[in-house]
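Have a look at the structure below before the remarks.
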Amino acid sequence: MAAAEGGSRLRQGRVWLRDFWSRWTGTRTFVVTAAFIFLMLSVTGALHPSAAFVSFLLLAGIAVARAIAVGETAPIRIQSRHDESTRSAFGTAPTLAILNRLPDPLFVLDGTGRVMLGNEAAEPLIGKSAVGRHVATVLRVAPLIAAIESVMQDGTARSVEYAVPVPVERYFNAFVAPIAAEGVGEPSLYLVLLHDLTDAKRVETMRVDFVAFASHELKTPLASLSGFVDTLRGHAKDDPEAREKFLGIMADQAGRMRRLIEDLLSLSRIELREHVRPSDTIDLLGVVSDVTDGLTPVAQQYGVEIAVTAPANLPRIRGDREELAQVVQNLADNALRYGRSGKRVEIALAPDEKAGRPMVRLSVRDFGPGIAKEHLPRLTERFYRVDAAASRAKGGTGLGLAIVKHIVNRHQGTLQIESEIGQGSVFTVLFPVAG
Ligand code: ADP
């Protein structure tokens, strides 16, 4: 019992000491410095060792007592110059620690534009030794400096957006506001809060590009259709042979527009549902068989043999049948269209695993011309094509693999593309097993 009490007291003592050591940095520095000075005094004989020891104990005791009385604060990694005024302006440790925890960069300037304080998130932007320096020397961003000057002049808070071109282009929104700080007289304080807009801008650019690409893809067949309508109304009006030929081309162009619209609609439907996990239990072999049955006439037309292999008792996967059929269809369709010179397409299903999780592997292999390495990482981007003209000539929309990627994401699967020039390509998808 007594031993247990002694143990717990020892533990408490250790905790107090650790707490003291980590929190009371000021006192810690003082005590260690005092110990060093008194040690030197006694070693050099300037002070008798016992006198040095007693004096040290006295000083250290006073320092600790003071620390306990004033509740010395935890070390704050916030950069802060006028510690006392900063603390009276923003409260004590907890407030400063909260500012430090904010994910957005934040710093405070005094009335002359010098940095008084910056949180951890601001460090990569303003540097480690920004405190005490004028903001214009730590952040050379003209629109931001101009906004700060305006706020200092008229006392009205404002926001400004700006871009930092190097090393990687980044966009920020800066909110600059005067702070009416209690206990701090003139000069006043100014808060600068930055918000990184880079990701939002990237999404916006992608959206704009997507609309531009989609309308361009639609505009070309539309222009061709209107051209032929004019031709049929004009000089081809009484030429049955030309009329037949032009009507054939118009049907192709209309088909191209239809495929593009269907793919665009699929993509937006899949994106809408991407965060909802599919709930059905699917036999992937059944899906593959249905799709390959449908592709047989095209395969025969191209002189390509489609071989499907799968083990007995292949586990079922959790999925959406229609979407899974679209994955198989798009991959097999590409293998037929781009790899038809290889004369063979192999679709294989097999059990697999990823990070200890049971999966079903679907691979679609062709023996066609293959794809150069530099294109592989970009193939799933919307409208990315190795050869746009060849893709269009083969009825491609440039959206097939983007659709595959989104469906695979929704199914929490993975997509891998391997290819060797002259050897062909393998598209492999892993789907988690149901249950
Ligand atoms: P598309 O409608 O153009 O086929 P996809 O998104 O399905 O669009 O494919 C993107 C591009 O990837 C294609 O334009 C083609 O250049 C390339 N590609 C896809 N599958 C294959 C394949 N099996 N062999 C060679 N290239 C392929």
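In each ligand, atom 1 is the first atom listed, and ligand 1 is the first ligand listed.
- By the 4.5 Å heavy-atom criterion applied to side chains, Y190 and V135 are not counted as neighbours.
- Within the 4.0 Å heavy-atom shell around ligand 1 one does not find G368.
- Nearest heavy atoms, D320 versus H411: N-NE2, 3.0 Å.
- Every N/O-N/O distance between I371 and ligand 1 stays at or above 3.5 Å.
- Among the candidates R207, K201, R202, the single residue satisfying the salt bridge (Lys or Arg N to Asp or Glu O under 4.0 Å) test with E204 is R207.
- Contact detail for P278 and R318: the closest heavy-atom pair is O-CG, 3.2 Å.
- Classification of E305 and R344 as a salt-bridged pair holds, one side-chain N sitting under 4.0 Å from a carboxylate O.
- Taking a cut-off of under 4.0 Å to the non-hydrogen atoms of T397, the atoms of ligand 1 that pass are 1 (P), 2 (O).
- Judged by the shortest distance from any of its heavy atoms, R337 lies inside the 4.0 Å radius around the atoms of ligand 1.
- Contacts between F427 and ligand 1 below 4.0 angstrom, taking non-hydrogen atoms only, involve the side chain exclusively.
- In terms of polar-atom proximity, V386 is counted as a contact of ligand 1, with an N or O under 3.5 Å from an N or O of the ligand.
- With hydrogens left out, the protein atom closest to atom 11 (C) of ligand 1 is Y384 O, 3.8 Å, a heavy atom.
- Of all atoms in ligand 1, listed by their number and element, those nearer than 4.0 Å to a heavy atom of G400 are 5 (P), 6 (O), 7 (O), 8 (O).
- For atom 5 (P) of ligand 1, the nearest non-hydrogen atom of the protein is L401 N, 3.6 Å.
- Distance from atom 3 (O) of ligand 1 to its nearest protein heavy atom, with residue and atom name: S391 OG, 2.6 Å.
- Side-chain contact between T220 and R256 is present, with at least one heavy-atom pair separated by less than 4.5 Å.
- In this structure, the side chains of H195 and F175 stay at 4.5 Å or more apart for every pair of heavy atoms.
- Contacts of D366 with ligand 1, taken as heavy-atom pairs under 4.0 Å, involve the side chain alone.
- In terms of protein heavy-atom proximity, atom 7 (O) of ligand 1 is nearest to N334 ND2, 2.8 Å.
- Counting heavy atoms from C-beta outward, R133 and V115 have side chains that stay 4.5 Å or more apart.
- Listed by number with element, the atoms of ligand 1 under 4.0 angstrom from any heavy atom of S425 are 24 (N).
- Less than 4.0 angstrom separates some heavy atom of R385 from each of these atoms of ligand 1: 3 (O), 14 (O).
- Among all heavy-atom pairs drawn from A122 and L106, the shortest one is CB-O, 3.6 Å.
- A distance-only check finds no donor-acceptor pair linking the side chain of R361 to the backbone of D352 [under 3.5 Å].
- On a distance-only criterion, G398 and ligand 1 share at least one N/O pair closer than 3.5 Å.
- The shortest distance between side-chain heavy atoms of E149 and I145 falls below 4.5 Å.
- The protein heavy-atom contact nearest to atom 12 (O) of ligand 1 is L379 CD2, 3.4 Å.
- Protein heavy atom closest to atom 22 (C) of ligand 1, with residue, atom name and distance, is Y338 CB, 3.7 Å.
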